[in-house]
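Chain identifiers are assigned alphabetically (A, B, ...) following the order of the sequence lines, protein sequences preceding nucleic acid strands; residue numbering begins at 1 within each chain.
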Amino acid sequence: SQLSSINVVLMGALAKEFSQAVNQGDVVVASGFTVGKSPTVNKDKLHPCNLYYSTLLALVVIYCPSCSSSGICCAPKYTYVRLGDLKAGPAVNVYGVVTFFKQPYKSRGTDFCSILKITDQSKKEILCKVFCKKLEDHPNIFQIGDIVRLHGVKPHSYRNCIELVKTFGFSALTFDGVVGRPVEPRTSSRSFHFDQDDRRVVEELRSWASGQGFLPAVSTITLSAVEPKQYFDLTCQLLAKAPIDTTCILLRVWDGTRCPYKLLKVIVEPDVTEGPSSFSAEKESVIANILIYDNHVESAKQLKPGDFLRIYNLRAIPGSSKVPGLTSTQAVEVDHMAFHLHGGTAFGRGIRLLPEDSPEVQELKRVIAAIPGDEELSDSEMMEVWSTPPESLVPLFVSFVSLTVFIMCVTERTCGHDVQPVMLSQLKRSEPGRVHHVRVQLRSYEPLRLHQALKLYCSKCTTMREVPDDEVVDGVFSEASRDSGPCSPPTWALSGQTPINGRSGIAGSTLEETCHLASTYQNIVPVRSSGGQMDLLDLSAPFLFRGRKRYYGCKRCSEAAVREPCAVGVELIDEKVVAEALGVQLLQFVLLMKLELQDSTDTLDVFLWRDAVSFHMTIKVQLSLHQRGPLGIQCWRS
DNA sequence: GTTTAGGGTTCG
């Protein structure tokens, strides 16, 4: 229509309230009206449509431009029916305390189905059935005792009982049911009506329910309190997960407490594990392996390491346990506690993600933070990570998809905190060598993976090179083994006490064998036979293996030869001692990053590089999980 | 203005 006016039809209490409040010239905002044909269009030639008041949704706000008075809200009062007064008939609105619930699950039809039972002061217990395609439209219930407000539910009679079924105009708000907690509605609705009366209803239901005794004394059980054969709800953080077979997925979780029973170990391939494939022995001892079956596999697939979860109706199974997907060669562990989430939805069985800001997650975070030794990675642990072959780091960092870099301040030794920030355009015009502060936005950064930032640096010739990947190193090893002929190693090289080791005299060892040896011997120097003499490998490969760490030498600056290290009187034979003995110029691990910064005036490329061991001071880097916040590992380097 | 499910432990 070209017409710029339209009729709005109000009825009932809203019409009365509106007529008392409105004045000519007021601005009116009408929301939630339905559009219908105007029956008078032929007579009045006005707009062919009218806006009609709809009982469940209409809201009118009046604003007076001349006096700038605040808007007057003429929303109709929603009316709520006591559960004891429900009769089969048109849609109603209700409040109730949740006494039973099933997480939304995929129905055989087109929607997800939520089942809940609610009660109120009338003590009538009513079953509610909610069918919605979108998960977020379902009531967001975490535990028994939560309070729901349901709009647009239709009372039906089924087997002589009144049930409520979601109908058109359905919406749900959920509240924590604990007396004293903030009254904050959980909902995906962008707008909803909630006022002091609603608050009062929630608080009344809370205090009524607290005296009724149907709320569980402890809402969930921790790993430390779980008993064999028990069914329980577990609030926990997901650390890693791995598929077992088509009907089973493994979740590795912890809740910050130690289970008094031995926990089932499940061995899976590291390359199918999402999240770290292993943890320190200390951490492993508090990690529970949970086998998730059948219909729950689908929801488990959506979870990410770092997520906080509640698993409902988990079963603790003592004794031997057959794990699907494992071959007969893997020993079945007897007397270890296994946790199963069986198929089906009986007893509310299911998994749900808990939001970061929920009191349960806040509490869980406190408990986890208090576990000794689980602070952020120490420098040595970080170094451990950095000097590990990049491939094995990938699972650890694959989830770090967003990298935020805060330029905090330059260290006190080089400038003071009173330096005023300058714009980038100004900075680019200034003379070199001066110290500046900038306040900028990070536009992009490279590399995207932390391990890719790791380089090898020679402090003598100041060149930098990439850390070779295993394929390259493998090549050097097999090349060396082809060359190997007989040679007589010096006697000192055969002793397990010395830092020199190699399968000299026969053939060179493979990279894999060397890594294996490195777990037994403190220092492994791979060697090859060259003209009957023992020689070092090409310096493209590490010249030294110490545990999981590998050390490299500079090809340009080393004058390498196999010599006995003069380790007499030296207590610790470390990489420096070995490098010196072999005439190898040791390469340092450094971190190199490129940042693209911008402000309103210009952009600037910044290269950061630093000794990996003392990477701190100038930059504070927060690595965070992009998805849903919580972190398996939160790294703050400062 | 349809259907789905309509609570009540797997069977690994």
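Here, dG1(B) and dA5(B) have their P atoms 23 Å apart, quoted to the whole Å. Rounded to a whole angstrom, the distance from the P atom of dG6(B) to that of dT10(B) is 14 Å.
Remark: Arg352(A) pairs with Gln103(A), Asn140(A) by the side-chain hydrogen bond (donor to acceptor under 3.5 Å, both in side chains) rule, at least two apart or across chains.
Computed from coordinates, the Tyr293(A) OH to dG12(B) C1' distance equals 4 Å when rounded to whole Å. One can place CZ of Phe100(A) at 11 Å from P of dT9(B), the figure rounded to the nearest angstrom. Look at CG on Asp233(A): it is 14 Å from C1' on dG7(B), rounded to the nearest Å. When the P atom of dT10(B) is taken as reference, atom NE2 of His342(A) falls 8 Å away, rounded to whole Å. In this structure, Phe101(A) places its CZ atom 15 Å from P of dG6(B), rounding to the nearest Å. Atom-to-atom, CG of Leu135(A) to P of dT4(B) comes out at 20 Å; the value is rounded to the nearest Å.
The residue among Tyr231(A) and Arg108(A) whose nearest nucleotide of DNA chain B lies closer to the 5′ end is Arg108(A). Each of Thr345(A) and Cys113(A) was matched to the nucleotide of DNA chain B holding its nearest heavy atom; the match closer to the 5' end belongs to Cys113(A).
Heavy atoms of Lys102(A) sit under 4.0 angstrom from primed sugar atoms or phosphate atoms, though from no base atom. Residue contacts shown for Tyr105(A) are limited to sugar-phosphate atoms, with no base heavy atom under 4.0 Å away. The residue Lys106(A) sits apart from the nucleic acid: no heavy atom pair falls under 4.0 Å.
Residues His151(A) and Tyr80(A) place their aromatic rings such that the two centres sit under 6.0 Å apart.
Near-neighbour residues of DNA chain B inside residues 158-167 of chain A, defined by a heavy atom below 4.0 Å, number-ordered: Tyr158(A), Glu163(A).
The closest side-chain heavy-atom distance from Asp120(A) to Arg82(A) is below 4.5 Å.
The pair Arg258(A)-Glu282(A) meets the salt-bridge criterion, with a side-chain N (NZ, NE, NH1 or NH2) lying under 4.0 Å from an Asp/Glu carboxylate O.
Against the 90° criterion about 0, the sugar-base torsion of dG8(B) places it in the syn range.
Applying the salt bridge (Lys or Arg N to Asp or Glu O under 4.0 Å) test to every pair with at least one member in residues 161-170 of chain A, sequence neighbours left out, gives these pairs: Lys129(A)-Glu163(A).
At the phosphate of dT9(B), neither OP1 nor OP2 sits under 4.0 Å from any side-chain N or O atom of Arg315(A).
Remark: the Thr99(A) side chain and the Lys117(A) side chain contain no N/O donor-acceptor pair separated by less than 3.5 Å.
A perpendicular orientation is assigned to the rings of Phe194(A) and Phe192(A), their planes being inclined by more than 60° (bins at 30° and 60°).
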